[in-house]
Amino acid sequence: MKKSPSNPLSPDATRAATGGSTVGTVDPGDIFDWPILTREDEEAVLEVLRSRAMSGNDIAQKFEQEFAQWIGRRHALSFPNGTSALLTAFWACGVGAGDEIICPSMTYWASCAGALHLGATVNFADIERDTLCIDPEDIEHRIGPKTRAIVVVHYAGHPADMDRILPIARRHGVKVIEDASHAQGALYKGRMTGTFGDVGAMSLMTGKSLAIGEGGMLVTNDTNLYERAIAYGHYERTGGPSRYARAGNAISNRDLARFAGVPIGGFKHRLNQMAAAMGRVQLKYYPERIVEIQRAMNRFWDLLEGVPGLYAHRPDSWPDSTMGGWYNARGLYRAEELGGVSCERFCEAVRAEGVAACISGANFPLHTHPLFHEADIFHQGTPTVIAFGQRDVRQGAGSLPVSESIREIAFSVPWFKHDRPEVIEQFASVFRKTAESLA
Ligand SMILES: *Cc1c(COP(=O)(O)O)cnc(C)c1O
């Protein structure tokens with residue numbers, strides 16, 4: 001992979017961008033910079049700007065076609081962010097007032113919060129200690145007559161165990177929505193995450209693995225679902241691709257065409273065309289860039305193989321499975337192998353050696369957040385999660401022990417974008433020496 005042209009960042013700015021990590025004697029250079037930007041990105045964005053056709057062009061639709069082809073789905077629909085793509089996926093899957101979705105507690109709020117806006121509620125499931133993804137054993141007993149969808153998050157790039165999740169959904173006629181915001185390009189047993197469920201939805205925000213500024217994408221093979229997604233917030237495209245008029249949804253696709261011109265959701269969900277232009281360039285180089293990231297991150301973890309208490313968060317036990325762009329890279333911590341020293345104290349010790357990127361935990365567990373207990377979004381005088389006749393599935397502290405222990409079992413590690421053995425070895429040696437000094 002060619003390096004990006006001269007790094008415009010000052011040493012201070014570089015330190016800020018890498019979380020202040022400067023270790024040992026080697027210069028980390030641009031090893032942490034993301035996204036990688038070249039003249040091609042600049043030209044693509046400037047072309048949109050100069051054309052003065054920043055809305056009435058077909059760049060987003062070209063990006064969608066290229067994205068669909070890359071990920072291997074029939075349809076892709078672009079969004080201004082991942083949150084709107086997920087909300088739309090919920091509605092397209094038939095989530096409505098009084099319904100439930102199942103979602104892991106350990107994720108970013110956008111994986112599920114939109115369901116409340118549809119009058120539904122969220123039944124939170126726990127995660128597995130090793131994958132940090134939804135625990136397949138904690139799904140089935142949560143399914144009730146009003147459960148419409150299971151949200152699966154491929155957490156921090158780690159694929160969820162789809163072979164154990166999909167049969168449960170099929171058995172109960174429940175849709176599967178994959179939130180692939182962390183995992184663009186990650187493979188589960190040889191196949192791209194985001195393509196297993198009825199629909200995949202994801203963020204393409206800068207900071208995520210596939211970064212285009214601000215953006216989101218929804219992918220599906222189900223044309224019926226695709227058309228519903230269009231009608232929800234892409235009003236000017238409603239009815240366009242429609243050759244299908246299948247009934248069975250509350251609003252059939254025959255009805256959708258009647259509503260063309262006004263979005264059913266009341267939202268306008270158009271991706272900014274400058275982000276779409278950048279997205280096309282980023283997507284073109286993404287496959288080769290994540291191969292290098294995987295080489296670099298696997299190198300880091302291979303160097304830590306056998307170190308007590310520290311374990312790689314990667315799908316070692318499945319064939320042809322990868323971490324994609326290794327977004328928000330985590331390590332797994334086992335205090336019992338390190339004399340009971342807390343993960344937080346371990347991270348403090350690593351930071352004291354100059355690796356500022358080492359912090360215990362991940363997201364906060366959502367199931368105890370007041371929004372999912374008390375918020376009265378619609379001014380009904382009742383918490384929204386029970387205001388539409390939903391089952392009361394609220395859960396307090398202590399109910400999802402693995403999610404609640406996240407600060408004891410996981411920590412962040414440097415996210416290398418280039419495979420530079422010398423630099424990576426220096427970072428790895430800080431983690432190794434700190435763990436060995438505690439063991
Ligand atoms: C970032 C993120 C989202 C939301 O995407 P935005 O583009 O920020 O709206 C959804 N789910 C997960 C898991 C995320 O990390």
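All values reported here derive from a predicted model rather than from experimental measurement.
Counting heavy atoms from C-beta on, the side chains of Glu292 and His418 come closer than 4.5 Å. Between Phe431 and Val355 the shortest side-chain heavy-atom distance falls below 4.5 Å. For the pair Asn123 and Thr147, the minimum side-chain heavy-atom distance is 4.5 Å or more. Side-chain contact check for Arg351 versus Ile359: some heavy-atom pair is nearer than 4.5 Å. You'll find the side chain of Leu256 reaches within 4.5 Å of the side chain of Arg228, heavy atoms only. Residues Arg142 and Val393 have side chains not in contact (no heavy-atom distance under 4.5 Å, counting atoms from C-beta outward). Pro401 places a side-chain heavy atom less than 4.5 Å from the side chain of Asp126. No side-chain heavy atom of Val402 sits less than 4.5 Å from a side-chain heavy atom of Asp135.
Here the side chain of Ser209 pairs no donor or acceptor atom with the backbone of Ala183 at under 3.5 angstrom. For the pair Lys417 (side chain) and Phe32 (backbone), a donor-acceptor distance under 3.5 Å is present. A donor-acceptor contact shorter than 3.5 Å links the side chain of His313 to the backbone of Thr131. Side chain of Gln61 to backbone of Ser78: no donor-acceptor contact under 3.5 angstrom is found. The backbone N or O of His367 lies less than 3.5 Å from a partner atom in the side chain of Ser105, making a donor-acceptor pair. For Glu404 (side chain) and Leu400 (main-chain N/O), a donor-acceptor pair under 3.5 Å exists by modelled atom type. Judged by distance alone, the side chain of Thr193 and the main-chain N or O of Ala186 form a donor-acceptor pair under 3.5 Å. Within the 3.5 Å criterion, the main-chain N or O of Gly213 finds a donor-acceptor partner in the side chain of Thr206. Arg330 contributes a side-chain N or O that, together with a main-chain N or O of Gly361, makes up a donor-acceptor pair within less than 3.5 Å. A donor-acceptor pair under 3.5 Å is formed between the side chain of Gln395 and the backbone N or O of Phe124.
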Show your reasoning for whether side-chain contact (heavy atoms from CB on, under 4.5 Å) applies to Asp41 and Thr38.
CA-CA 6 Å; Asp41 298 89; Thr38 67; 3.4 Å; yes
Is there a side-chain contact (heavy atoms from CB on, under 4.5 Å) between Val413 and Phe427 once you walk through the steps?
CA-CA 9 Å; Val413 296; Phe427 276 90; over 6 Å; no
Test side-chain contact (heavy atoms from CB on, under 4.5 Å) on Val153 and Ile127 and set out the steps.
CA-CA 10 Å; Val153 183; Ile127 55 167; over 6 Å; no
Run the numbers on Asn81 and Met205 for side-chain contact (heavy atoms from CB on, under 4.5 Å), then give the verdict.
CA-CA 7 Å; Asn81 48 53; Met205 186 205 122; over 6 Å; no
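Tested against Arg280, the residues Glu40, Glu43, Glu66, Glu47 include a single salt bridge (Lys or Arg N to Asp or Glu O under 4.0 Å) partner, Glu66. Screening Trp326, Phe416, Trp415 for a ring pair (Phe, Tyr, Trp, His ring centres under 6.0 Å) with Phe300, the sole residue that qualifies is Phe416.
Ring planes of Phe267 and His269: parallel class, angle under 30° (limits at 30 and 60°). The aromatic rings of His234 and Phe79 sit perpendicular to each other, their planes meeting at more than 60°, with 30° as the lower class boundary.
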Side-chain donor-acceptor pairs under 3.5 Å in residues 382-389, sequence neighbours left out?
| residue | atom | partner | partner atom | Å |
| --- | --- | --- | --- | --- |
| Thr384 | OG1 | Ala375 | O | 3.2 |
| Thr384 | OG1 | Ile377 | N | 2.7 |

Side-chain polar contacts of residues 171-178 - donor-acceptor pairs under 3.5 angstrom, sequence neighbours left out - could you list them?
| residue | atom | partner | partner atom | Å |
| --- | --- | --- | --- | --- |
| Arg171 | NE | Glu140 | OE2 | 3.2 |
| Arg171 | NH2 | Glu140 | OE1 | 3.0 |
| Arg171 | NH2 | Glu140 | OE2 | 3.2 |
| His172 | NE2 | Glu140 | OE2 | 2.7 |
| Glu178 | OE1 | His154 | NE2 | 2.7 |
| Glu178 | OE1 | Gly194 | N | 2.7 |
| Glu178 | OE2 | Thr195 | N | 3.3 |
| Glu178 | OE2 | Phe196 | N | 2.6 |
| Glu178 | OE2 | Gly197 | N | 2.7 |

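Applying the ring-ring contact (aromatic ring centres under 6.0 Å, His included) rule to Tyr235 yields no partners; only residues at least two apart in sequence or on another chain are considered. Here Lys268 pairs with nothing under the side chain to side chain donor-acceptor pair (under 3.5 Å) rule; sequence neighbours left out. For Trp70, the ring-ring contact (aromatic ring centres under 6.0 Å, His included) partners are Phe67, Tyr286, not counting sequence neighbours. Applying the side-chain contact (heavy atoms from CB on, under 4.5 Å) rule to Asn221 yields the partners Arg73, Arg74; only residues at least two apart in sequence or on another chain are considered.
Sorted by first and then second residue, the ring-ring contact (aromatic ring centres under 6.0 Å, His included) pairs involving residues 36-56 (not counting sequence neighbours) form an empty list. Listed by first and then second residue, the salt bridge (charged side-chain N to carboxylate O under 4.0 Å, His left out) pairs that reach into residues 208-219 come to none, sequence neighbours excluded. Residue pairs meeting the salt bridge (charged side-chain N to carboxylate O under 4.0 Å, His left out) criterion with at least one partner in residues 154-164, sequence neighbours excluded, are Glu128-Arg164, Glu137-Arg164, Asp161-Arg164, Asp163-Lys189. Residue pairs meeting the salt bridge (charged side-chain N to carboxylate O under 4.0 Å, His left out) criterion with at least one partner in residues 98-125, sequence neighbours excluded, are Asp99-Lys146, Asp99-Arg148, Glu100-Arg391. Sorted by first then second residue, the side-chain hydrogen bond (donor to acceptor under 3.5 Å, both in side chains) pairs that include residues 370-380, not counting sequence neighbours, number zero. Screening residues 53-64 for salt bridge (charged side-chain N to carboxylate O under 4.0 Å, His left out), with sequence neighbours left out, gives Asp58-Lys62, Glu64-Arg237.
Between Arg407 and Cys343, the shortest heavy-atom contact is O-CB, 3.3 Å. When every heavy atom of Pro28 is checked against every heavy atom of Val423, the shortest pair comes out as CA-CG1, 4.2 Å. A pairwise comparison of heavy atoms in Gln273 and Ile59 identifies OE1-N, 3.7 Å as the closest pair. Contact detail for Ala211 and Trp34: the closest heavy-atom pair is CB-NE1, 4.1 Å. The two residues Leu187 and Asp320 have their closest heavy-atom pair at CB-O, 3.5 Å. Considering all non-hydrogen atoms of both residues, Ser111 and Phe90 come closest at O-CZ, 3.1 Å.
Side-chain contact annotation: Asn363 with Tyr155, donor-acceptor N/O pair under 3.5 Å present. Checking Asp179 against His182 by side-chain atom types alone, no donor-acceptor pair falls below 3.5 Å. Residues Asp222 and Thr220 bring no donor and acceptor atom of their side chains to less than 3.5 Å of each other.
Of the charged side-chain nitrogens involved, at least one lies within less than 4.0 Å of a carboxylate oxygen, so that Arg420 and Asp30 count as a salt-bridged pair.
Aromatic pair His158/Trp318: centroids less than 6.0 angstrom apart.
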